[in-house]
2 protein chains.
Amino acid sequence: MALRYAILGLLLDRPSSGYDLTGRFEDVIGAYAWDAKHSQIYPELRRLDLEGLVEVVDRGARGRVTYRCTKEGLAALRAWLMAAPASTGGVKNEHALRLFLLPALEPDDALEVLRQTEAGAVAQVEHLEAEFAALQERTGSASGGPLGITAQFGILSFRATAQWARWARDHVGGEVVLGGDVEARGDGDPGGDGDPADIANAGRSADPGSTAG
Amino acid sequence: MALRYAILGLLLDRPSSGYDLTGRFEDVIGAYAWDAKHSQIYPELRRLDLEGLVEVVDRGARGRVTYRCTKEGLAALRAWLMAAPASTGGVKNEHALRLFLLPALEPDDALEVLRQTEAGAVAQVEHLEAEFAALQERTGSASGGPLGITAQFGILSFRATAQWARWARDHVGGEVVLGGDVEARGDGDPGGDGDPADIANAGRSADPGSTAG
DNA sequence: CATCCCATGTAATATGTTACATGATTAC
DNA sequence: GTAATCATGTAACATATTACATGGGATG
């Protein structure tokens with residue numbers, strides 16, 4: 001049920017065709033929130049249309065059909081947002097999973113992946129910052145409007161990833177022990193030092209919520 | 001194909017039964033990396049066993065079967081980690097999606113959800129910090145060993161979420177305009193001020209990667 | 001000896017991906 | 001006029017969730 005609400009949300013910002021939406025999933029929210037392919041988007045748009053949650057506002061060249069979110073669609077979206085439990089369940093993030101699995105690699109390989117991770121996260125930050133700047137211009141608002149607020153979430157998330165990757169570089173290492181026996185287990189102390197909590201707390205001294213508003 | 005590697009990764013840390021793994025998905029990585037239910041885990045374990053990537057190390061009471069990752073399993077995991085593109089594609093994060101959709105709510109409701117978001121993220125941070133402390137004790141290592149490094153990723157991610165939620169509180173608002181017409185669009189300037197980049201940069205002055213190592 | 005939790009299994013359904021497929025328009 | 005890209009559609013397959021189902025062992 002999440003896909004339809006992702007679509008409604010994108011349409012709220014701007015009427016779009018299935019083709020447009022496919023691109024917007026790829027460019028914006030696909031990287032950190034929800035991804036979808038055109039083969040899922042087109043049928044869902046037709047269903048939403050039948051249910052009156054979206055409506056056709058334009059039929060252009062090449063069979064292009066532009067949809068807009070109706071007020072019923074907005075109501076449905078709001079109902080879902082308020083009703084669904086604010087659980088973190090159902091996460092499927094292959095990127096994060098790979099980071100989770102990283103200690104299984106030998107140190108050299110792990111370091112290489114960490115380097116790529118950091119570079120990728122930095123690239124995402126730059127991409128989203130460009131999106132954000134474009135949104136500021138388009139909306140004439142410093143916060144970039146609704147999508148700008150969202151883009152900031154992506155930016156902060158990827159920054160956290162980059163930050164973690166830098167920290168993790170100093171802590172990978174040690175032997176992988178296959179979980180050892182059922183009761184007796186090797187520990188493989190990687191000889192890490194430095195308290196990670198220091199890093200985790202680093203961003204808090206200048207509280208953004210109270211200073212930037 | 002991601003599920004099997006998540007399982008192999010968990011087994012690397014410690015031999016487990018399907019039941020154990022179900023709990024570990026819920027408790028640890030399910031919140032930010034990968035989630036799975038027992039109905040998926042049990043069949044996958046049997047498949048992994050047939051392929052020799054895991055092996056049975058114990059059969060306990062009530063039909064309990066404990067598996068361990070074999071060296072073939074470790075090799076397969078490593079191959080996957082090194083081979084798969086380090087893409088960010090295929091994310092399915094309902095939590096993040098909900099944040100993305102938040103601007104569709106009226107300000108009061110959005111603020112309420114943001115409050116819950118922040119509280120939830122803080123709770124996750126505390127939960128993971130407890131996990132981390134337990135890992136430090138269990139591994140006798142300051143970095144908490146492989147799983148500790150992972151836990152830090154979760155901690156930093158959820159901290160970023162909490163940070164964002166505080167910042168976003170000051171920027172939600174304005175009318176939702178259903179995307180306006182196809183060409184003429186309302187803008188709904190939310191009157192935000194303060195540059196979000198300030199917040200995004202907040203954690204960087206004390207570079208964790210260089211000071212903590 | 002009943003009740004609760006441990007521990008696994010499976011069937012039905014829903015969701016998502018890959019691959020295949022078609023035609024229209026634009027740019028050259 | 002032909003190549004590239006826009007734009008949609010669908011079938012086959014893979015993955016994931018929900019619900020139903022069973023029985024063992026511990027606790028009182």
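In the text below, chain A, chain B and the rest are named by the order of the sequence lines, each starting its count at 1.
Of the inter-residue distances, the one linking Thr161(A) atom OG1 with Tyr32(A) atom OH reads 13.0 Å to the nearest 0.5 angstrom. Between atom CG of residue Leu3(A) and atom CG of residue Leu45(A) there is a gap of 8.5 Å, rounded to the nearest 0.5 Å. The distance from atom CD1 of Ile155(B) to atom CD of Glu131(B), rounded to the nearest 0.5 Å, is 9.5 Å.
A straight line from CD of Glu26(A) to P of dA7(D) spans 14 Å, rounded to a whole angstrom. For the pair Tyr5(A) OH and dT15(C) P, the computed distance is 10 Å after rounding to whole Å. Rounded to whole Å, atom P of dT10(D) lies 15 Å from atom CD of Glu44(A). Taking atom CD1 of residue Ile41(A) and atom P of nucleotide dT10(D), one finds them 15 Å apart after rounding to whole Å. dG9(C) atom P lies 11 Å from atom CG of Asp49(B), rounded to whole Å. Atom-to-atom, CD1 of Ile7(B) to C1' of dT8(C) comes out at 14 Å; the value is rounded to the nearest Å.
Proximity of Ser17(B) to the phosphate of dT8(C): a side-chain N or O atom is located under 4.0 Å from OP1 or OP2. For the OP1/OP2 pair of dC6(C) and a distance below 4.0 Å, the side-chain nitrogens and oxygens of Tyr19(B) include at least one atom meeting the criterion. A sub-4.0 Å separation between OP1 or OP2 of dC5(C) and a side-chain N or O of Arg64(B) is absent.
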Determine, for nucleotides 22-28 of chain C in 5'-to-3' order, which nucleotides have protein heavy atoms under 4.0 Å from the base (write B), from only the sugar-phosphate (write S), or from neither (write -). -BBSS--

What one-letter contact string describes nucleotides 13-19 of chain D from 5' to 3', where B marks a base within less than 4.0 Å of any protein heavy atom, S marks contact via sugar-phosphate atoms alone, and - marks no contact? --SSBB-

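The 5' end of DNA chain C is approached more closely, in terms of each residue's nearest nucleotide, by Asp20(B) than by the other of Asp20(B) and Arg46(B).
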Could you walk me through whether Leu99(B) and Trp164(B) pass the side chain to side chain contact (heavy atoms under 4.5 Å, CB included) test, one step at a time? CA-CA 10 Å; Leu99(B) 299 183; Trp164(B) 172 85; 3.8 Å; yes

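With respect to Glu112(B) and Arg115(B), a salt bridge is recorded, a charged nitrogen being found less than 4.0 Å from a carboxylate O. Under 4.0 Å is where a charged nitrogen must lie from a carboxylate oxygen, and between Asp13(B) and Arg24(B) at least one such pair does.
Across all non-hydrogen atoms, the minimal contact from Arg68(B) to Leu11(B) is C-CD1, 4.3 Å.
Exactly one of Leu77(B), Val54(B), Leu53(B) qualifies for a side chain to side chain contact (heavy atoms under 4.5 Å, CB included) with Glu72(B). That residue is Leu53(B).
Ring geometry, Trp80(A) versus Tyr5(A): the interplanar angle falls under 30°, so the pair is classed parallel (tilted spans 30 to 60°).
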